[in-house]
Q: 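The structure under discussion is supplied below as structure tokens; questions concerning it will follow.
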Amino acid sequence: MFRKILIANRGEIACRIMRTARRLNVATVAVYSEADASALHVEMADEAVLLGPAPAAQSYLAIDKVIAAAVATGAEAIHPGYGFLSENARFAEACAKMGIAFIGPPASAIHAMGSKSESKKLMEAAGVPLVPGYHGAEQADSHLIAEAMKIGFPVLIKASAGGGGKGMRIVLEERELLPAIEGARREAKSAFGDERLLIEKYLERPRHVEVQVFADSLGEAVYIHDRDCSIQRRHQKVIEEAPAPGLSDDTRRRMGEAAVAAAKAVGYVGAGTVEFLYAERQFYFIEMNTRLQVEHPVTEMIAGIDLVEWQLRVAAGEPLPERQAELQRYGHAMEVRLYAEDPAKGFLPATGRIAHLAWPANAPQIRIDSGVRAGDRISTFYDPMIAKVIAWGEDRAIAAQRLRRALQETELAGLATNAGFLIEVLGHPAFLKAEIDTGFIERHRAELFPASGTGGEATPDRALALAAIFAVLKDGAASKAKAAAGADPHSPWAATNGWRVFGDGGASVLLRDAAGKRREARIAFSGPRWSIAVDDGAPLSLTGPALDGNALTAGTDHGRLRLTAIEADGTVTLIERGKSWRIGRVDILAEAEAATEGHGHLASPMPGTVVRVMAAAGDAVKRGQPLMVVEAMKMEHTIAAHADGVVKAVKFRAGDAVAEGVELISFEAGS
Ligand code: MV4
């Protein structure tokens, strides 16, 4: 076993590899970019080497820098994780040249599997089933057309050097063939610099089923069950599970044996994944991935093994820890990838700072592989993955239910995530009946995505009402805390302008909903009973609302509600059973400033009665300083200075009635 290894990766996979290394008493070296200086994987490692600036090309992809770090720290082996250099044959060769073990397959195997047509030739020779089609060297239009006619429509045209679905074209009838071939060739040339094409029978609604294989350097190879990754969005896997549901034992065995044959055909060593399309009870090889995949934990959880331990042992020359006959399979495992991306904005990466992150406490059979903590920023330099959440269950339904519940109980605030979308998929009846294939998300788009055109779901009035309660309770606490100084006087959530809470009475809180619209919540309370109406909507009745840290609780007509409320950067995030809403607070000061920019008058926000005057002509006042209080319907509005300045005249006294918009105080900003 190695004494020290370098992990040439970051985020969750780097942390995950380090956990296994630590368990095996193998010392670890992290490498990192300037953007990752305070990242978890750097903290976890025994040593860390700065590679360079944030862009991957100057850090995690810089072969010479990574090798130099290994040499400088005396690392005997490098684990590339997935992505970055993990399938770079040149990197594997560079390691070998320096006498550093590359924890992965030989460079020749990486090379062979990098080309679709070459890998298909190898598979054909190994007797692995391929989709009926043509992947030969003769590329003349007339030949490709003749081959397509032989296959029979519909056919799929693919770029030989392509991957991930780029440049694929479906052709339904002969007259479309030539233009499709010409278009695909142009696209392949510009995208991959290689215009060679292959043509296959188009499989309708195939499933994506893959087999985990493992080969040692002594000629042994095993398959370690199968996985289904059909739930994909734009060729990004969304849900991965093991075993693939609904396959016969005979099919599993034949797929496994085909995968092992594929591995042996290329002289494979280490962890690999052979991907198949599965349609009409037939499986067809599509490609082999020469790395440990993102979704490997679902295989680990049903086999009860640690695939990274297997990788370290096999790379150190040891035989496979288990033979085929010894491999067990228990229950079902399911994984989702929690991403900082906003489903309401076409899943654009939602970069930002993680203001709050709390994983579910005592959730049974849940594994969280994460590389970030609260306070970390998710940057655009790298994949915006927050964590993988994996559940094991005695059967598929239990695994899905545990996974869904774990997501519902995960608290994350500060940036948008795909959690809500994942929870929808995991609860979808077709998914739970395993009616899955690569077209699932497209087919169920209407139920899975928020109402289109509204920029996401409208913020429910109930959420706005609860945000108002949070504001009042938080401000109440804040105004006490402010007395103890230290509170941020300028956070709109710390401002006590815009409302006043007192005995029996009420408050009005101005909020911004998900669409950025200004909404007013009017709170009236008498003793423990509170009633909140948003604009002129139906009131929400609560009893004894309380805020304890991030936990907002209250009695309702039919029980108690409990949700997490986190305030960050002027936005409160409410999380209740996996659904979350981000609600802004109207910063009255900023609005007043904008509204009265340059004008010196402070107007009454509503008709009411002046109940308190705290300033006089000639007073020099600070931005935010309360000057007057107007009360209406038992609710008070504090009129505060919107900037530093001097009070020129106070136009009303306590007891005076005032109309909405009337000038209460004339004021000269700046001083
Ligand atoms: C196919 C196919 C249907 N028929 N080949 C997409 C990218 C690459 N992994 C292979 N892909 C496909 N090849 C034939 N002959 C449908 C797909 C496909 C797909 C495959 C696996 C997972 C997700 C997919 C999403 C769309 C299309």
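Indexing begins at 1, ligand by ligand and atom by atom, following the structure's order. The shown structure was predicted, so the numbers you read here are calculated from the model rather than taken from an experiment. Just so it is clear, the values below take in all heavy atoms, side chains as well, and ignore hydrogens, waters and symmetry mates.
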Q: Got the closest protein heavy atom to atom 16 (C) of ligand 1, with its distance?
A: P206 CG, 3.8 Å
Q: Charged N to carboxylate O below 4.0 Å: is that the case for E210 and R227?
A: yes
Q: Quick one: do R205 and T438 satisfy side chain to side chain contact (heavy atoms under 4.5 Å, CB included)? Show the steps, please.
A: CA-CA 6 Å; R205 294 177 60 165; T438 52; 5.8 Å; no
Q: Tell me which protein heavy atom sits closest to atom 8 (C) of ligand 1, plus the residue, atom name and distance to 0.1 Å.
A: G165 N, 4.2 Å
Q: Pull out every atom of ligand 1 sitting under 4.0 Å from any heavy atom of Y202, numbered as shown with elements.
A: 3 (C), 4 (N)
Q: Looking at K158, which atoms of ligand 1 are within less than 4.0 Å of one of its heavy atoms?
A: 1 (C), 5 (N), 10 (C), 13 (N)
Q: Among all protein non-hydrogen atoms, which one is nearest to atom 9 (N) of ligand 1, and what is the separation to 0.1 Å?
A: I286 CD1, 4.0 Å
Q: Would you indicate whether R196, at its atom CZ, is surrounded by more than 12 heavy atoms from other residues, nucleotides or ligands within a distance under 6.0 Å?
A: no
Q: Less than 3.5 Å apart, any donor N or O on the side chain of Q282 or E280 sitting next to an acceptor on the other?
A: no
Q: Looking at Q232, which atoms of ligand 1 are within less than 4.0 Å of one of its heavy atoms?
A: 22 (C), 23 (C)
Q: When I199 is tested against each of I151, V171, L156 for side-chain contact (heavy atoms from CB on, under 4.5 Å), which residue passes?
A: I151
Q: Which atoms of ligand 1 sit under 4.0 Å from any heavy atom of V131?
A: 15 (N)
Q: Looking at R253 and D249, is any side-chain nitrogen of the basic one under 4.0 Å from a carboxylate oxygen of the acidic one?
A: no
Q: Please confirm whether E204 approaches ligand 1 to less than 4.0 Å, judged on its heavy atoms.
A: no
Q: Just which atoms of ligand 1 are under 4.0 Å from any heavy atom in H208?
A: 21 (C), 22 (C)
Q: Is it true that R16 and E300 make a salt bridge, defined as a side-chain N closer than 4.0 Å to a carboxylate O?
A: yes
Q: Nearest protein heavy atom to atom 4 (N) of ligand 1, by residue and atom, and its distance?
A: L203 N, 2.9 Å
Q: Around atom 19 (C) of ligand 1, find the nearest protein heavy atom and jot down its residue, atom name and distance.
A: T438 CG2, 3.9 Å
Q: Begin from the C-alpha positions of R367 and E335 and carry the test salt bridge (Lys or Arg N to Asp or Glu O under 4.0 Å) through to its verdict.
A: CA-CA 9 Å; R367 167 175 161 177; E335 172 184 276; over 6 Å; no
Q: Are R19 and D369 ion-paired here, with the side-chain N under 4.0 Å from a carboxylate O?
A: yes
Q: Give me the residue, atom name and distance of the protein heavy atom closest to atom 26 (C) of ligand 1.
A: H235 CE1, 3.4 Å
Q: With atoms numbered from 1 as shown, which atoms in ligand 1 lie under 4.0 angstrom from a non-hydrogen atom of K201?
A: 4 (N), 14 (C), 15 (N)
Q: So, 4.0 Å and heavy atoms of M168: is ligand 1 close enough to count as a contact?
A: yes
Q: Just which atoms of ligand 1 are under 4.0 Å from any heavy atom in L277?
A: 1 (C), 2 (C), 5 (N), 13 (N), 14 (C), 20 (C), 21 (C)
Q: Between T20 and D306, is there a side-chain donor-acceptor contact under 3.5 Å, judged purely by atom types and distance?
A: yes
Q: State whether the shortest distance between N or O atoms of L156 and N or O atoms of ligand 1 falls below 3.5 angstrom.
A: no
